[in-house]
Structures are given as C-alpha cells and as structure tokens.
Amino acid sequence: MNIFKMIHQDIHKLVHRVFPSVTEATLARISVEPPRDASHGDMATNAAMILSKEAGKPPRAVAEMLIEGLKDIPGVTGAEIAGPGFINISLKPEAFKLIVPHVLETGARHFGDSDLGQKVPVNIEYVSANPTGPLTVGHARGAIVGDATANLLAKAGFAVNREYYINDSGKQVEVLTDSVTLRIREVQGENIGEIPAGFYPGEYLKDVAKAYVEKNGNDISDRQKIRAFAIEYLINEIKIDLAEMGVKHDMFVSEAKILGDGEVESALQALTEQGLIYQGVLEPPKGKAPEDWEPREQTLFRSTQFGDDVDRPLKKSDGSSTYFANDIAHFYHMYKHGYQRLTCVVGADHGGYVKRAKAAVKAMSAGKAELHMPLVAIVHVTENGNPVRMSKRAGTFITLRDMLERVGAGVMRFIMLTRESGQTLEFDYARVTEQSKDNPYFYVQYAHARCCSVMKHATNMFGALPDDVLARTNLAPLQRDEEMALIKLIATFPRVVEQAAAAEEPHRIAYFAESVAAGFHAWWNKGRDDGTLRFLIEGDKDLSMARIALVRSVAVTIAAALGVIGVVPLQELRSEVEVAA
RNA sequence: GGCUCCGUAGCUCAACUGGAUAGAGCACCUGCCUUCUAAGCAGGCGGUUGCAGGUUCGACUCCUGCCGGAGUCGCCA
C-alpha cells in the first residue's frame with residue numbers, strides 16, 4: 001500500500017480528463033511527494049508547473065483548472081495553490097491511518113514490497129574479490145552495499161540474481177601459485193628468507209601451504225594441483241567470511257570456466273559481426289607518455305562509438321585475451337542467460353573502467369542490455385579518530401575478519417550503509433560500538449528495543465496482542481500531532497523503497513530507519529512531560545490499544561528497513577536478544 | 001595532461017535524480033529523570049552549497065570554464 005502512488009494515479013486520471021491531449025512524456029514528469037515543510041500539507045504536486053508549457057498558460061492558472069477536481073479525490077480534504085504553482089494537498093487522517101493495519105498485516109518481511117520491478121531479471125555482481133587472499137574492509141563495504149542493493153531490488157519487485165565472479169585465471173593466480181609453492185617449501189623446513197618482490201607476502205599463505213601438505217604431502221611438482229588447491233582454499237575462506245556477515249550469493253561464476261568454454265570467442269564474434277573490432281595502433285596517453293611507449297598494432301574494440309574515450313585493446317601481445325576481453329565474455333555470458341539489466345558493484349579504483357564496460361555491454365547486446373557500475377569508495381578505519389594500523393598478517397590491509405571480530409556483523413552492515421557508496425567512509429571502532437545516539441546503529445536498535453519494551457508492558461496489562469488482532473484496533477483515538485507524524489512517516493516507506501531501488505542507493509533505507517527511530521524517541525520522551533501522551537493510559541483501553549497498534553507498527557517498520565540492510569532487530573540491548581523471524 | 005568520483009554549518013554527512021525557507025548528528029550554550037531504559041528528548045547558535053558564468057517558472061542537483069582533493073591512465077585484475 002503506497003498512499004502516494006494512489007494519489008498519484010488519481011492525479012494522472014484527473015490531468016487526462018482536464019487536458020485530454022497531454023503527452024506521456026509530460027505526464028511522466030508529474031510527481032507527488034511529501035513536502036519538506038509539514039505546514040504545506042500532506043502532499044504536494046508539481047503538475048501545474050509541468051503542464052504549464054503544453055497548456056500555454058501560467059502555472060497558477062493551470063493549477064486553478066485542476067484544483068476542484070483534486071478536491072473530489074477520495075481522502076482529500078483540501079487543495080491549495082502555493083508558491084510558483086505547487087498544489088498542496090491535505091488528506092484525511094483516516095487515509096494515513098490505513099497504513100497501520102496494513103503494516104501489521106503484511107509484517108516486517110513484506111512491508112514496503114513493490115511491483116516496480118515487474119519481475120524483470122537483474123543480475124547483480126558484488127564482492128568478486130580475487131581468490132588470492134582474505135577479504136579486506138574494502139571488500140566488506142562492497143559486499144554490504146551489493147547485498148543490500150540486491151535486497152532492495154528484490155523488495156522492489158525485480159527478479160534478482162546475486163553473482164560472485166571468481167577471477168580464477170590470469171597473472172594474479174600464477175603469482176598466488178608461486179607464493180604458495182614458496183610457503184610449502186617453508187613449511188617443509190626450508191629457510192626461504194624474505195619474501196621476494198612479485199610474491200604475495202601475506203602470512204595467511206602459510207595456512208594454505210600447511211593444509212596443502214597435510215592433504216597432498218610434500219610434492220610440489222604439480223603446479224596445477226597447487227593452484228587449484230589454493231584457489232579452492234581461499235574461496236572457501238571468503239565464503240566463510242561472507243556467511244558470517246550474512247552476505248548471500250546465488251551463484252559463483254568461474255572466469256576460468258568461461259574462458260574454457262570459449263565464451264570469449266563467441267562474445268568477440270558478436271562484436272566482429274557488427275564491425276566493432278579492428279587491428280589498429282593506439283595513440284599514447286595524452287600528456288603522460290610513458291618512456292617505454294612504442295606504437296604497437298593490436299586488436300581493438302571500437303568503444304569510442306559507445307561513449308568511451310579511446311578504443312580498447314582485447315588481445316595481449318602474446319595473443320591471449322586482456323582482462324577487458326574476458327569481462328566482455330562474462331557480461332555476454334550473463335546476457336545470454338537472460339539478464340538485460342546488469343549491475344556490477346566495484347571499488348573506486350575501477351573508475352576509469354566504467355565507460356568501456358558500459359560500452360561493451362551496449363555493443364554486445366545490440367543496445368538491449370544496460371550495465372550499472374556503482375563505485376564503492378574506500379573505508380578509513382579509525383579508533384577515536386586515529387588511524388588503525390594495518391594487519392601484518394594479511395600483508396597490507398585490515399581484514400574483514402578483524403573488523404567482524406571487533407564489532408560484529410550488524411554494526412558493520414548498518415554503518416557501511418550510512419554513507420552514499422561513492423563517499424569515503426570513516427569507520428571509527430570507538431564510535432560504532434558505543435551506546436549513544438552518536439552511533440546510528442545503536443540509535444535505531446534502541447528505538448526497536450523500546451517498542452518491544454512497551455509491548456511487554458502492554459501484554460502484561462491486556463494479555464497476548466498478536467499483530468492480526470492489533471490490525472483490527474480502532475485507531476480513531478490517535479489524534480495527537482506526534483502520533484500523526486509517525487503514521488505519516490511510516491506511510492512513506494513504500495515510496496522510499498521504490499526511490500532507493502530506482503537509484504540503487506541502499507543508504508537511503510538506513511536514513512529512513514534513523515528518521516523513524518528519531519520520531520519514536522521523540523514521542524516516547526513527550527510522554528515524560530505530558531502524561532496524556534504515554535502509551536499505556538490507565539482506564540482508557542481504547543486509546544492505549546490504538547497506541548499499542550502504532551508502537552507495534554513502528555517496530556515492524558524498523559524491522560522491515562533493517563531487513564533490507566540485513567541487520568537483525570534487537571528486542572533488548574542489554575542481553576542482545578534477537579527477535580525471532 | 002586525459003578520464004572518473006568528490007567538494008554542502010567549525011567537524012562527520014543528508015537533501016526524495018530540477019522543487020518551496022538547504023536538513024540531521026557531533027561540538028558549543030539552555031532546559032527536562034519520585035512516571036514504560038535520561039543509552040534519551042526539547043530549544044538555541046551556526047551557510048554566498050569551492051569560484052565564475054549559463055540553461056528556466058525554479059539549480060546543491062543539469063551544461064561550460066576555472067580552483068582544490070582522491071582514484072585511474074596500452075600486454076594488472
């Protein structure tokens with residue numbers, strides 16, 4: 001149930017009636033949204049300003065033509081023209097109150113679900129860390145953003161496939177094999193001295209080596225075997241980390257398998273057929289010409305035809321395909337499996353890669369598929385503002401597991417979503433674990449726990465209060481501003497979900513959760529100053545029950561938002577008791 | 001030098017893909033616990049949205065040019 005959408009549709013009908021010749025393009029630009037300032041009413045529409053040009057009349061005159069019709073829409077109590085031509089609409093409180101039984105009936109798992117996505121298949125790829133070492137906090141952020149985006153798209157009605165693309169081919173895997181081989185010799189008692197340049201230095205490779213020796217003995221002659229073992233071992237470690245963070249994938253796609261299946265050839269064939277591949281020589285990069293630059297003829301893709309800056313090479317000088325060519329094959333693979341909408345969550349260091357990847361997807365699908373490539377910026381880990389040292393064990397980075405052991409998955413998931421993903425994120429160990437309102441994770445959980453506390457008292461007073469019973473509560477006694485403000489806020493959740501999904505910005509859900517928590521904390525405290533605002537009023541069962549229904553729907557709404565983020569709502573903060581799903 | 005991302009209150013960040021008077025938290029002031037968790041709430045202070053133009057009813061948002069930061073730049077992935 002999306003109140004804004006319902007009114008939006010009514011306004012569309014009205015516009016059609018008053019301006020029968022209105023074009024779809026114009027209609028699509030009409031929006032209905034909650035005004036920033038609550039004194040402007042419950043909803044505002046820009047319809048008059050949008051229609052002004054086509055109608056050939058000033059916005060306020062157009063508004064005059066719409067206003068009577070608006071007042072006839074069910075639930076609307078008033079409409080007035082404001083500012084440059086906005087129409088502010090007021091609704092009956094009862095129209096908003098319908099959200100409460102709706103929330104209670106649909107429950108935390110499904111409140112806010114939308115059919116926006118029309119079950120369109122979307123492939124979303126995230127993490128996709130190379131199987132050469134443990135996941136870092138940088139990977140953690142990508143994993144969380146990807147996983148939450150997938151949750152969000154699923155909630156908005158897309159048919160989501162979650163993919164991990166394993167880069168188990170190429171140079172880095174050979175370096176890994178060499179590094180593990182060296183460590184096996186070390187495990188066998190050889191003094192290997194300093195790890196030479198060009199090898200992975202991380203001590204975690206000792207564990208890989210030990211496990212290899214335990215299983216396969218001391219023989220290091222079989223390179224293939226070592227490579228396969230190391231990849232499997234490290235992927236398994238990665239899977240353990242992801243599972244502990246609650247990050248899910250539907251499929252793990254192996255790059256080596258895609259290459260082995262000849263998918264690069266078929267992808268390049270598709271491009272060749274369109275005349276998009278040629279032999280040519282690239283210009284050196286402008287301004288910064290490397291000393292060793294030499295013009296070289298190579299196989300190039302005409303990515304400039306699709307908005308890229310230069311054409312991109314597909315073959316290395318030894319004839320093998322570049323990473324870019326392999327990626328095209330990967331996208332082509334997903335496209336052939338029915339995904340025209342591809343999202344690929346990558347680190348900010350891939351910024352220069354976005355244009356060519358988008359160009360490739362457009363080209364190989366003949367314009368039918370589209371790639372989104374959100375960039376996830378780096379995480380600065382601090383403690384009381386001081387940078388946290390990097391883990392020696394991992395080589396150079398703080399591992400995901402370090403952070404997980406330190407603060408837990410819930411904190412990580414929430415905090416990592418409190419910034420737009422392109423923004424660098426400061427993650428302060430002290431701040432994210434303290435129990436105060438500086439810590440948004442705590443603040444939201446605290447609101448949920450307070451709701452649960454009220455429910456406990458309510459149950460003592462009135463007996464069991466299941467949601468389906470509360471859903472039938474008479475809400476007429478809810479008349480205070482604080483109550484209506486919360487109801488209106490809850491009613492925006494379906495809209496927030498749709499907009500966040502359209503933008504693929506899961507952090508908006510975290511902000512929404514914070515605002516609901518703030519509204520609830522405010523209501524709670526008003527009850528201290530004003531006894532008539534307390535939730536449970538002796539001798540007034542009707543009012544108490546109505547407020548209980550609202551408190552419960554606040555809890556469900558917070559739980560629904562946390563569900564998208566992937567955080568389990570807590571019933572109590574002291575003992576960290578988890579709510580049963 | 002090219003490209004990408006970023007620049008918003010003293011600090012950390014939002015702003016519903018172009019909407020009305022740019023909002024929160026921290027910090028700094030002032031209040032609120034015999035009452036369901038004060039782990040909180042209410043109020044005050046704080047802005048030329050990096051700069052200069054442009055587009056239009058209307059710009060933090062779009063376009064152009066500068067300034068500053070990060071990332072990246074043919075056989076790494």
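Since this is a predicted model, take the numbers as computed values, not measurements. In what follows, every chain begins at residue 1, and chains take the letters A, B, ... in the order their sequences are listed.
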Open item on the list: I'd like to check the salt bridge (charged side-chain N to carboxylate O under 4.0 Å, His left out) partners of A/Lys541; sequence neighbours left out, ordered by chain and number.
Closed with: none

Open item on the list: Given B/G74, B/C3, B/A42, identify the nucleotide with an atom nearest to the side chain of A/Ala522.
Closed with: B/A42

- [ ] Could you check A/Asn88 against A/Trp523 and say which one's nearest nucleotide on RNA chain B is further toward the 5' end?
- [x] A/Asn88

TODO: Let me have RNA chain B in dot-bracket notation, would you? Count Watson-Crick plus G-U wobble pairs, both distances under 3.5 Å, and use [ ] for pairs crossing earlier ones and | for inter-strand partners.
DONE: (((((((..((((.....[...)))).(((((.......))))).....(((((..]....))))))))))))....

Give every pair of a protein N or O atom and an N or O atom of nucleotides 27-29 of chain B that lie under 3.5 Å apart, one pair per line with the distance.
none

Task: Residue A/His350, side-chain atoms from C-beta onward, closest of B/U37, B/A20, B/A77 - done: B/A77

Task: Minimum-distance nucleotide (side-chain atoms of A/Arg534 versus B/C36, B/U72, B/G40) - done: B/C36

- [ ] Determine the contact category for A/Asn46: base if any of its heavy atoms lies under 4.0 Å from a base atom, sugar-phosphate if only primed atoms, P, OP1 or OP2 are that close, otherwise nothing.
- [x] base

Task: Side chain of A/Pro35 (C-beta onward), nearest among B/A20, B/A77, B/A15 - done: B/A20

- [ ] Rounded off to whole Å, could you give me the CG-to-P distance for the A/Leu489 and B/A24 pair?
- [x] 13 Å

Open item on the list: Is the ring pair A/His521/A/Tyr446 parallel, tilted or perpendicular, if the boundaries are 30 and 60 degrees?
Closed with: tilted

TODO: Looking at every strand, decide which applies to A/Ala82 at a 4.0 Å heavy-atom threshold: base, sugar-phosphate, or nothing.
DONE: base

Open item on the list: Using atom C1' in both nucleotides, what's the gap between B/U61 and B/U8 to the nearest angstrom?
Closed with: 12 Å

Open item on the list: For B/C57 and A/Ser52 - does any side-chain N or O of the residue sit under 4.0 Å from the phosphate oxygens OP1/OP2?
Closed with: no

Open item on the list: Counting the atoms with a prime plus P, OP1 and OP2 as sugar-phosphate, which does A/Ala44 contact under 4.0 Å by heavy atoms, base, sugar-phosphate, or nothing?
Closed with: base

Open item on the list: Using a 4.0 Å heavy-atom cut-off, does A/Lys355 contact any base of the nucleic acid, only the sugar-phosphate backbone, or nothing at all?
Closed with: sugar-phosphate

Open item on the list: If the condition is side chain to side chain contact (heavy atoms under 4.5 Å, CB included), which residues does A/Asn525 pass it with, not counting sequence neighbours?
Closed with: A/Arg450, A/Arg528

Open item on the list: Run A/Glu80 and A/His40 through side chain to side chain donor-acceptor pair (under 3.5 Å) and show every step you take.
Closed with: CA-CA 9 Å; A/Glu80 46 188 62; A/His40 287 144; over 6 Å; no

TODO: Describe the nucleic acid contact of A/Thr322 in one word from base, sugar-phosphate, nothing, applying a heavy-atom distance below 4.0 Å.
DONE: nothing

- [ ] Please identify each residue that fulfils side chain to side chain contact (heavy atoms under 4.5 Å, CB included) with A/Ala503, with sequence neighbours left out.
- [x] A/Glu505, A/Arg508

Task: Nearest-neighbour nucleotide for the A/Ile50 side chain, B/G19, B/G40, B/C36 considered - done: B/G19

- [ ] Would you name the heavy atoms of A/Ala79 and A/Ile67 that are closest together and state the gap between them?
- [x] O-CD1, 3.3 Å

Can I get a per-line list of side-chain donor-acceptor pairs under 3.5 Å for residues 348-360 of chain A, giving both atom names and the distance, sequence neighbours left out?
| from | atom 1 | to | atom 2 | distance (Å) |
| --- | --- | --- | --- | --- |
| A/Tyr353 | OH | A/Asp327 | OD2 | 3.0 |
| A/Lys355 | NZ | A/Asp309 | OD1 | 3.1 |
| A/Arg356 | NH2 | A/Gly352 | O | 3.3 |

- [ ] Could you measure between the two P atoms, the one in B/C41 and the one in B/G25, and give it in whole Å?
- [x] 8 Å

TODO: Please name all residues satisfying side chain to side chain contact (heavy atoms under 4.5 Å, CB included) with A/Thr45, sequence neighbours left out, ordered by chain then number.
DONE: A/Ile11, A/Ile30, A/Val32, A/Ala47, A/Ile87, A/Ile89

Task: Partner set under salt bridge (charged side-chain N to carboxylate O under 4.0 Å, His left out) for A/Glu263, not counting sequence neighbours - done: A/Lys336

Open item on the list: With salt bridge (Lys or Arg N to Asp or Glu O under 4.0 Å) as the test, pick out the partner of A/Arg341 among A/Glu125, A/Glu370, A/Glu504.
Closed with: A/Glu504

Task: Sugar-phosphate or base contact per nucleotide [nucleotides 60-67 of chain B; S, B, -; heavy atom under 4.0 Å] - done: --------

Task: Under the side chain to side chain contact (heavy atoms under 4.5 Å, CB included) test, residues paired with A/Val173 that sit two or more places apart - done: A/Thr177, A/Arg227, A/Ile231

Open item on the list: What contact category does A/Pro59 fall into here, base, sugar-phosphate, or nothing, at under 4.0 angstrom with non-hydrogen atoms?
Closed with: nothing

Task: Sugar-phosphate, base or nothing in reach of A/Glu294, heavy atoms under 4.0 Å - done: base

Open item on the list: Pick the closest RNA chain B nucleotide for A/Tyr323 and for A/Glu505 by heavy atoms, then say which residue is nearer the 5' end.
Closed with: A/Glu505

TODO: Output all residues satisfying side-chain hydrogen bond (donor to acceptor under 3.5 Å, both in side chains) with A/Gln279, sequence neighbours left out; order by chain, then residue number.
DONE: A/Thr299

- [ ] Could you check whether A/Phe442 gets within reach of a base, just the sugar-phosphate, or nothing at all, counting any heavy atom under 4.0 Å?
- [x] base

- [ ] Determine the interplanar angle of the A/Trp523 and A/Phe535 rings, folded into 0 to 90°, and report it as parallel if under 30°, tilted if 30 to 60°, perpendicular if over 60°.
- [x] perpendicular

Task: OP1 or OP2 of B/A77 under 4.0 Å from side-chain N/O of A/Lys171 - done: no

Pull out every protein N or O sitting under 3.5 Å from an N or O of nucleotides 10-13 of chain B, one pair per line with the distance.
| from | atom 1 | to | atom 2 | distance (Å) |
| --- | --- | --- | --- | --- |
| B/U12 | O2' | A/Arg419 | NH2 | 2.9 |
| B/C13 | OP1 | A/Thr424 | O | 3.3 |
| B/C13 | O5' | A/Arg419 | NE | 3.3 |
| B/C13 | O2' | A/Arg419 | NH1 | 3.1 |
| B/C13 | O2' | A/Tyr511 | OH | 2.7 |

Open item on the list: Quick test of your reading of the model: are A/Lys5 and A/Glu498 salt-bridged, counting only N-O distances below 4.0 Å?
Closed with: yes

